[in-house]
Amino acid sequence: MQNFRFHNTTILDFGKGTIADLSALVPKDAKVLMTYGGGSIKKNGVYDQVKSALKDHQVIEFGGIEPNPHYETCMKAVALAKQEGITFLLSVGGGSTLDGTKFIAAAIPFAGDDPWDILAKGAPVVSALPVGCVLTLPATGSESNGFSVVSRMEPLQKLAFFSEQVYPRFSILDPETTFTLPSRQTANGVVDAFAHVLEQYLTYDVNAPLQDRQAEAVLLTLIEEGPKALANPTDYDARANVMWSATQALAGAIACGVPQDWATHMMGHELTALYGLDHAQTLAVVFPATMQHCRIAKKSKLLKYADRVWGIRGGSEDACIDAVIVKTEEFFRSLGVKTRLAEYGVTEGIERVGQRIEARGQKIGEHANLGRKDIDAILGLCAK
Ligand code: NZQ
Ligand code: ZN
């Protein structure tokens, strides 16, 4: 096992009715900026619950954070927060609202010239406003980590940063808030969480059996519970199990002491920036192709994944790996998420993905050895 330091500071407040806990979790003397997305929270009662819990707090609202949050929108919130003397940010919505809010939190006290440098140049985030979260879409794990992914329209980019300063102080996870998710978003959430586990599990063996089994537990739970949540959107137990699985997929525990990949995510972010595919759609396309292209480097973990998660064993190693790649793709498709670029109308200009990653000087994958040719080959495998 590799060395690691584990420190996750987010209080997770899970279950029915927990939005009411906001009154105690948000500091009494805070001047709160409540951020949200395109309005789903106003249709499903979440907005009213938040406002009621915060009736004795000072709250200003900022709505309109887009899926794949835009830098330009976030900077409007930064200006508003500075003008109003905001001291606390409360994100109410999905991963995009929360990621945007984390960036806003880091940009407000940023001492450099341009907060975009946090994303583009890795400028250090030495302080940030405190962030709280009411999560309505289980998918990203953003509710219990220090990552944020923000997109810019000009020049077209989708970039991530990490800072310990932007872990949410608390996240309220009430599975009932997810009853109103459209099936596309429910499926996206299951695929995203599944891919997060694979990025941390499908690498190479470092004799970390506990982390392997924790990862397998999350995968197996998603395989069992994801379809139930899709079939019956108001199945509380299925929603709760999916929500907790998605949080656990990217809250740090399964990453302890193991190598991590993230190549699929890097390629996926480019596909979203260039073609507007949903984040999870890009992962469903790219992951099976990454497994195929990297089947030798990932052999021992692919065989373990085949055996323990899908019960595929007994044939030749090659046959088991072939079968598990097919099984993974079938699972994504069974949720209604397409797995080929052409199915999303993406047929032209795919080589730009590799060009853009190369231009940033990035070598991706758990061995940091995937370059332009590998990316072209992977995207070729999932083209049609
Ligand atoms: O904007 P509103 O009106 O709220 O509608 C949203 C949005 O249209 C809707 N929605 C959310 N909760 C709902 C709901 N509709 C009905 N009922 C509810 N309860 O769902 C749509 C998608 O929301 P979004 O927040 O964009 O989805 P998600 O949570 O999947 O977030 C995706 C973003 O997170 C980034 C992705 O790249 C993408 O930008 N990621 C963040 C990560 C992190 N911070 O750790 C890691 C991930 O790998 C990922 O990159
Ligand atoms: Zn993801």
Side-chain angles (χ1 to χ4, degrees), residues 66-68 95-96 139-140 149 151 153 155-159 182-199 202 222-223 226-227 230 261-298 302 305-306 310 318 321-360 362 364-365 370-384:
E66 311 81 356
N68 306 304
S96 292
T140 63
V149 191
S151 297
M153 297 303 104
L156 197 58
Q157 305 238 38
K158 179 171 181 175
L159 299 174
S183 42
R184 169 170 157 189
Q185 299 303 341
T186 300
N188 278 351
V190 173
V191 169
D192 193 21
F194 199 87
H196 292 159
V197 180
L198 293 183
E199 296 276 26
L202 270 188
L222 288 167
I223 292 166
L230 266 179
D261 180 347
W262 298 107
T264 295
H265 268 72
M266 298 302 291
M267 290 179 261
H269 287 175
E270 296 304 329
L271 289 169
T272 297
L274 291 167
Y275 300 101
L277 269 65
D278 293 350
H279 173 61
Q281 293 173 339
T282 70
L283 306 175
V285 167
V286 179
F287 227 120
T290 301
M291 290 179 185
Q292 183 66 269
H293 183 77
C294 303
R295 58 188 288 150
I296 296 171
K298 292 182 182 296
L302 276 166
Y305 167 58
W310 294 105
D318 268 341
I321 291 172
D322 286 341
V324 83
I325 294 170
V326 170
K327 206 69 185 158
T328 304
E329 192 170 342
E330 280 174 3
F331 174 58
F332 296 154
R333 296 189 80 84
S334 76
L335 300 169
V337 185
K338 299 183 184 92
T339 56
R340 299 297 162 130
L341 286 171
E343 294 179 284
Y344 294 102
V346 174
T347 51
E348 303 273 312
I350 299 167
E351 66 288 347
R352 287 179 295 167
V353 172
Q355 283 165 0
R356 287 158 65 95
I357 293 173
E358 185 179 50
R360 288 202 292 270
Q362 290 169 316
I364 57 178
L370 299 183
R372 176 80 189 280
K373 277 193 183 142
D374 300 283
I375 294 170
D376 289 350
I378 289 168
L379 295 178
L381 285 170
C382 55
K384 292 192 208 108

Student check: side-chain heavy atoms of [X] and [Y] closer than 4.5 Å:
{"X": "L341", "Y": "T347", "value": "no"}
{"X": "Y344", "Y": "V285", "value": "yes"}
{"X": "D261", "Y": "C294", "value": "no"}
{"X": "T282", "Y": "M267", "value": "no"}
{"X": "H265", "Y": "V149", "value": "no"}
{"X": "K158", "Y": "H279", "value": "yes"}
{"X": "L370", "Y": "M266", "value": "no"}
{"X": "I375", "Y": "E270", "value": "no"}

Shortest non-hydrogen separation from [X] to [Y] and the atoms involved:
{"X": "A280", "Y": "V191", "answer": "O-CG1, 3.6 Å"}
{"X": "L283", "Y": "P288", "answer": "O-CD, 4.1 Å"}
{"X": "D322", "Y": "R295", "answer": "OD1-NH1, 2.6 Å"}
{"X": "V337", "Y": "A187", "answer": "CG2-CB, 3.8 Å"}

task: Go through the steps to decide whether K327 and I223 satisfy the test side-chain contact (heavy atoms from CB on, under 4.5 Å), and finish with yes or no.
output: CA-CA 11 Å; K327 206 69 185 158; I223 292 166; over 6 Å; no
query: Which side-chain hydrogen bond (donor to acceptor under 3.5 Å, both in side chains) pairs, counting each pair once, include a residue from residues 373-384, with sequence neighbours left out?
result: H293-D374
Atom [atom1] in [X], atom [atom2] in [Y]: separation rounded to 0.5 Å?
{"X": "H196", "Y": "W262", "atom1": "NE2", "atom2": "CH2", "answer": "5.0 Å"}
{"X": "L202", "Y": "T264", "atom1": "CG", "atom2": "OG1", "answer": "9.0 Å"}
{"X": "T272", "Y": "L156", "atom1": "OG1", "atom2": "CG", "answer": "10.5 Å"}
{"X": "I350", "Y": "L271", "atom1": "CD1", "atom2": "CG", "answer": "8.0 Å"}
{"X": "I378", "Y": "I364", "atom1": "CD1", "atom2": "CD1", "answer": "6.5 Å"}
{"X": "C382", "Y": "E343", "atom1": "SG", "atom2": "CD", "answer": "11.0 Å"}

field: Q355 and R352 side chains, donor-acceptor separation under 3.5 Å
entry: no
task: Report the C-alpha distance between R340 and E329 in whole Å, list the side-chain angles of each, state the deciding distance to 0.1 Å, and finish with yes or no for side-chain contact (heavy atoms from CB on, under 4.5 Å).
output: CA-CA 10 Å; R340 299 297 162 130; E329 192 170 342; 3.0 Å; yes
task: Evaluate the ring planes of Y305 and W310, with Trp represented by its six-membered ring, and classify them as parallel (under 30°), tilted (30 to 60°) or perpendicular (over 60°).
output: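 The rings of Y305 and W310 stand perpendicular, inter-plane angle above 60°.
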query: Is the F287 to F194 ring centre distance short of 6.0 Å?
result: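 Ring-ring flag for F287/F194: false, centres at least 6.0 Å apart.
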task: Using the side-chain contact (heavy atoms from CB on, under 4.5 Å) rule, pick out the option among L198, I321, V286 that qualifies with M291.
output: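 When L198, I321, V286 are each tested with M291, the side-chain contact (heavy atoms from CB on, under 4.5 Å) holds only for L198.
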task: From the options Q281, E330, R333, select the one residue that forms a side chain to side chain donor-acceptor pair (under 3.5 Å) with T339.
output: R333
